[in-house]
Visitor: 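Handing you this structure, nothing more for now.
Bear in mind the structure is a predicted one, so any value in this text is a computation, not a measurement.
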Amino acid sequence: MKPFKEDLKRIEEKGLIPVVIIEDPKKAVPLGKAFLKAGLDVIEITMRTQRALEAIKVLREALPEMLVGAGTVFSLQIAKKAIKLGARFVVSPHLDEEIVAYCAKNDIIVCPGVYTPTEVNRAVQAAVRAKGTELMNLEDSPLLLKIFPASSGGPEHIKALRAVFPKVRFIPLGGINAKNLADYIKAGAWAIGGTWICKKELIDKGEMAQISELTSEALRIVKDAREQISSIRP
């Protein structure tokens, strides 16, 4: 089994990707430990700070059990740098077909930001072309699709997209919190991008215990929502 498939299983199992902004790489390891304490071994470090790449390197070396990804990636150049430093998945707020093609071809999990059916199809086709095939089983693909901003359409937008693209893995981000998290899971979200569990001010202040508590709560909500879905299926 290819490594990216194992990584996909890990993300799917937890159903939650914390999206973090780190100014000081020294905070990366305590933050990673806070997530691990809560039972989460996935983290997305956004490229919004000058030392974000350094934070990826530090975290991968200190906590190899963490599945570390790079977020807010706007160029293939940055994607390659992050991957070289240990990033196992690449997330963008927009659809960059060059990044999608590179990652798909090299079996690296890629998660471009999309919103419309046209963008969804373009992302899928970019991954398909990179593999050199006319059709590709999306279940065996490293492609995830980030719905951003999720709050613009809410859970109903996810539900509508799932009806047309049932095999696509959708990860909504933006405007999601503990109060509406379950609604997105029930609407068909494959996983959730979380910012409320690890706000920048909490990281800056070193409030790792609170981050761990918020993460534990979010994981419980995801698990409960999935169990509710399973209980009503025929």
Visitor: Kindly indicate whether a cation-pi arrangement holds for Lys80 with Tyr102, taking the cut-offs as under 6.0 Å to the six-membered ring centre and within 45° of the axis.
Guide: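 Geometry flag: set, cation within 6.0 Å and 45°.
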Visitor: Looking at Pro64 and Arg60, what are the two nearest heavy atoms and their distance?
Guide: O-NH1, 3.3 Å
Visitor: Would Ile192 and Leu173 count as a side chain to side chain contact (heavy atoms under 4.5 Å, CB included) here? Give the steps.
Guide: CA-CA 7 Å; Ile192 301 293; Leu173 172 70; over 6 Å; no
Visitor: Report the C-alpha separation of Ile108 and Ile83 in whole Å, then their side-chain angles, then the decisive distance to 0.1 Å, and conclude whether the side chain to side chain contact (heavy atoms under 4.5 Å, CB included) test is met.
Guide: CA-CA 9 Å; Ile108 297 164; Ile83 293 167; 3.5 Å; yes
Visitor: Show your working on side chain to side chain contact (heavy atoms under 4.5 Å, CB included) between Met208 and Leu31 and close with a plain yes or no.
Guide: CA-CA 6 Å; Met208 302 306 170; Leu31 179 60; 4.1 Å; yes
Visitor: Taking 4.0 angstrom as the limit, do Arg51 and Glu54 come out as a salt bridge?
Guide: yes
Visitor: Please report the interatomic distance OG1(Thr215) to CG(Leu16), rounded to the nearest 0.5 Å.
Guide: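 Between atom OG1 of Thr215 and atom CG of Leu16 there are 7.0 Å.
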Visitor: If you compare all heavy atoms of Ile185 against all heavy atoms of Ala225, which two are closest, and at what distance to 0.1 Å?
Guide: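 Smallest heavy-atom distance, with atoms named: CG2-CB, 3.7 Å.
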Visitor: Determine yes or no for a side-chain-to-main-chain donor-acceptor pair under 3.5 angstrom, with Thr72 supplying the side chain and Thr46 the backbone.
Guide: no
Visitor: So how far is it from Lys9 NZ to Phe4 CZ, rounded to the nearest 0.5 Å?
Guide: 11.5 Å
Visitor: The criterion is ring-ring contact (aromatic ring centres under 6.0 Å, His included); which residues satisfy it with Tyr115, sequence neighbours excluded?
Guide: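 ring-ring contact (aromatic ring centres under 6.0 Å, His included) list for Tyr115, sorted by chain: His157.
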Visitor: If you compare all heavy atoms of Cys198 against all heavy atoms of Gly194, which two are closest, and at what distance to 0.1 Å?
Guide: SG-O, 3.8 Å
Visitor: Under 4.0 Å between a Lys/Arg side-chain N and an Asp/Glu carboxylate O for Arg129 and Glu97?
Guide: yes
Visitor: Examine distances only and state if a side-chain atom of Ser231 and a backbone atom of Gln228 form a donor-acceptor pair shorter than 3.5 Å.
Guide: yes
Visitor: Kindly indicate, with the supporting measurements, whether the criterion salt bridge (Lys or Arg N to Asp or Glu O under 4.0 Å) is fulfilled by Glu61 and Lys57.
Guide: CA-CA 6 Å; Glu61 291 176 350; Lys57 183 176 185 294; 2.8 Å; yes
Visitor: Within the side chain of Asn180, is there an N or O that forms a donor-acceptor pair under 3.5 Å with the backbone of Asp183?
Guide: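 No, because the side chain of Asn180 does not come within donor-acceptor range (under 3.5 Å) of the backbone of Asp183.
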Visitor: Is there a donor-acceptor pair closer than 3.5 Å between any side-chain N or O of Ser92 and the backbone N or O of Leu95?
Guide: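 No; zero donor-acceptor contacts below 3.5 Å.
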Visitor: From Glu119 CD over to Leu161 CG, what is the distance, rounded to the nearest 0.5 angstrom?
Guide: 10.0 Å
Visitor: Looking at residues at least two apart in the chain, or sitting in another chain, which of them share a ring-ring contact (aromatic ring centres under 6.0 Å, His included) with Phe74?
Guide: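 For Phe74 the ring-ring contact (aromatic ring centres under 6.0 Å, His included) partners, ignoring immediate neighbours, are His94.
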Visitor: Can a donor-acceptor pair be found, under 3.5 Å and without considering hydrogens, that links the side chain of Arg88 to the backbone of Val68?
Guide: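 No, because the side chain of Arg88 does not come within donor-acceptor range (under 3.5 Å) of the backbone of Val68.
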Visitor: Can you confirm whether Glu201 is buried at CD, in the sense that more than 12 heavy atoms of other residues, nucleotides or ligands lie under 6.0 Å from that atom?
Guide: yes
Visitor: Just verifying a value: how many Å separate Ser212 OG and Leu202 CG, rounded to the nearest 0.5 Å?
Guide: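 Result: 12.0 Å between the selected atoms.
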Visitor: Can we say Lys14 and Asp41 salt-bridge, meaning some charged N sits less than 4.0 Å from an Asp/Glu carboxylate O?
Guide: no
Visitor: What are the two closest non-hydrogen atoms of Pro112 and Leu144, and how far apart are they?
Guide: CD-O, 3.1 Å
Visitor: If you take all heavy atoms of Ala130 and Ala101, which pair is closest and at what distance?
Guide: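 Heavy atoms only, the tightest pair is CB-O, 3.3 Å.
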Visitor: How many angstroms lie between NZ in Lys200 and OG1 in Thr195, if you round to the nearest 0.5 Å?
Guide: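 Separation between the atoms: 14.0 Å.
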Visitor: Do Asn177 side-chain atoms and Lys179 backbone N/O form a donor-acceptor pair below 3.5 Å?
Guide: yes
Visitor: Hey, could you give me the CE/CG distance between Met47 and Leu53, rounded to the nearest 0.5 Å?
Guide: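 Separation between the atoms: 5.0 Å.
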Visitor: Would you call Glu207-Lys199 a salt bridge at under 4.0 Å N-O?
Guide: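 Lys199 and Glu207: not salt-bridged.
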